[in-house]
There are 2 protein chains.
Amino acid sequence: MHMDSLDKFDLAILDILQKDNTTSQKVIGEVISLSAPAVQRRIKRMQKSGVIQSNVSIINPEKIKQSITVIVELELYEESLKHLDDAKNLFNSTPEVQQCYYVTGDTDYILIMIVSSMSHYESLTRKLFFNNTNVKHFKTHVVMNRAKVGLNVPLD
Amino acid sequence: MHMDSLDKFDLAILDILQKDNTTSQKVIGEVISLSAPAVQRRIKRMQKSGVIQSNVSIINPEKIKQSITVIVELELYEESLKHLDDAKNLFNSTPEVQQCYYVTGDTDYILIMIVSSMSHYESLTRKLFFNNTNVKHFKTHVVMNRAKVGLNVPLD
DNA sequence: CGTGAAAAAGCGGCGTC
DNA sequence: GACGCCGCTTTTTCACG
């Protein structure tokens, strides 16, 4: 949970990798004036410490098939730790749930889901929300356009 | 915008890459029973066609420094194409805006932002929302916990 | 599509500061 | 501790069949 004091080299490396992680260690080294092995050591360290969570290809859902993105606001009855954890585990184990945020305010959870059809979504609401006695209310936003994706963290 | 008819090999490759794009073409080939160059040709084709949008490292914001994730619901006055495009371009050019979704219903846009502090967020609201005559109303959710990240598209 | 060779990248040890 | 240098191994890339 603690931050392992990233210096300006580390931040520069992250800035490159979060935009394009296929950039070779050699050119990264040229950009930040460091040798390729030094870059490699820093990347490995940040992977181990969890600063770099994963390396993935981002896929355009629109190009795949019938795929609909929906954003769901969730309100629970009880905010006890157990119920929050149950909800979290349920969402984590549901592949259609892409992202899950626990937020402050009247809304408790915000989910971003990708489903193949609205009937698919409807059956999921049954499983996740209607059959969940702790769900007080949920509101669905259907995404018409995903204008921006990146998970880039601003690094200054 | 059209889908370039992805066969089961393509989908299997995407399924691997969206979880870990450091997987070598050789092991991908072994999994789906194809040679490494064949895997590479398919990857290149999907990159060119836009199915694969980008290749990135995902960074844990909590490990970086003071970083706060907020989710904003936006309601506009006018939903004319010009105004929607203006808004879209504004959000696209703002680095703090991580993700931007145009949605149906009373809410028009949902933004996911990462800011270094609440005062940082406050100054952004001025620039993006208060100084924007087309913004009717916005609602802020502060993220306490990012329980799930992936941008994985379910592939069946 | 697969094979195989050449080029590039990743990886690890070792000496230095 | 971190750096750079130098080989070795793996991966990527691109010919050709």
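We name chains A, B, ... by the order of the sequence lines, and we start the count at 1 in each one.
- Ring centroid separation for the pair Tyr101(B) and Phe91(B) does not come in under the 6.0 Å cut-off.
- The two residues Lys148(A) and Val97(B) make their nearest non-hydrogen contact at NZ-O, 3.0 Å.
- Listed nucleotides dG4(D), dC3(D), dG2(C) differ in distance to Ser35(A); the shortest reach to its side chain belongs to dG4(D).
- The separation between Asp7(A) atom CG and dG1(D) atom P is 16 Å, rounded to whole Å.
- Between the side chain of Lys26(B) and the main chain of Ala36(B), no donor-acceptor pair closer than 3.5 Å is present.
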**OP:** List the protein contact pattern of nucleotides 11-17 of chain D with one symbol per nucleotide (5' to 3'): B for base contact, S for sugar-phosphate-only contact, - for none; contact means a heavy-atom distance under 4.0 Å.
**Re:** SSBB---

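- The list of side chain to side chain donor-acceptor pair (under 3.5 Å) pairs with a residue in residues 116-125 of chain B, not counting sequence neighbours, reads Glu96(B)-His120(B), Ser116(B)-His120(B), Ser117(B)-Ser119(B), Tyr121(B)-Thr140(B), Glu122(B)-Arg126(B).
- Sorted by first and then second residue, the salt bridge (Lys or Arg N to Asp or Glu O under 4.0 Å) pairs with a member in residues 97-117 of chain A read Asp106(A)-Lys139(B); sequence neighbours excluded.
- dA9(C) atom P lies 16 Å from atom CG of Asn21(B), rounded to whole Å.
- Distance, Glu30(A) CD to dG4(D) C1': 15 Å, rounded to whole Å.
- Between the CD1 atom of Ile28(A) and the C1' atom of dG4(D) there is a distance of 17 Å, given to the nearest Å.
- When atom types are taken as modelled, the side chain of Ser67(B) and the backbone of Pro61(B) share a donor-acceptor pair closer than 3.5 angstrom.
- For the pair Phe9(A) CZ and dG1(D) P, the interatomic distance rounds to 19 Å; values are reported in whole Å.
- The nearest whole Å value for the distance from the CZ atom in Arg42(A) to the P atom in dG4(D) is 9 Å.
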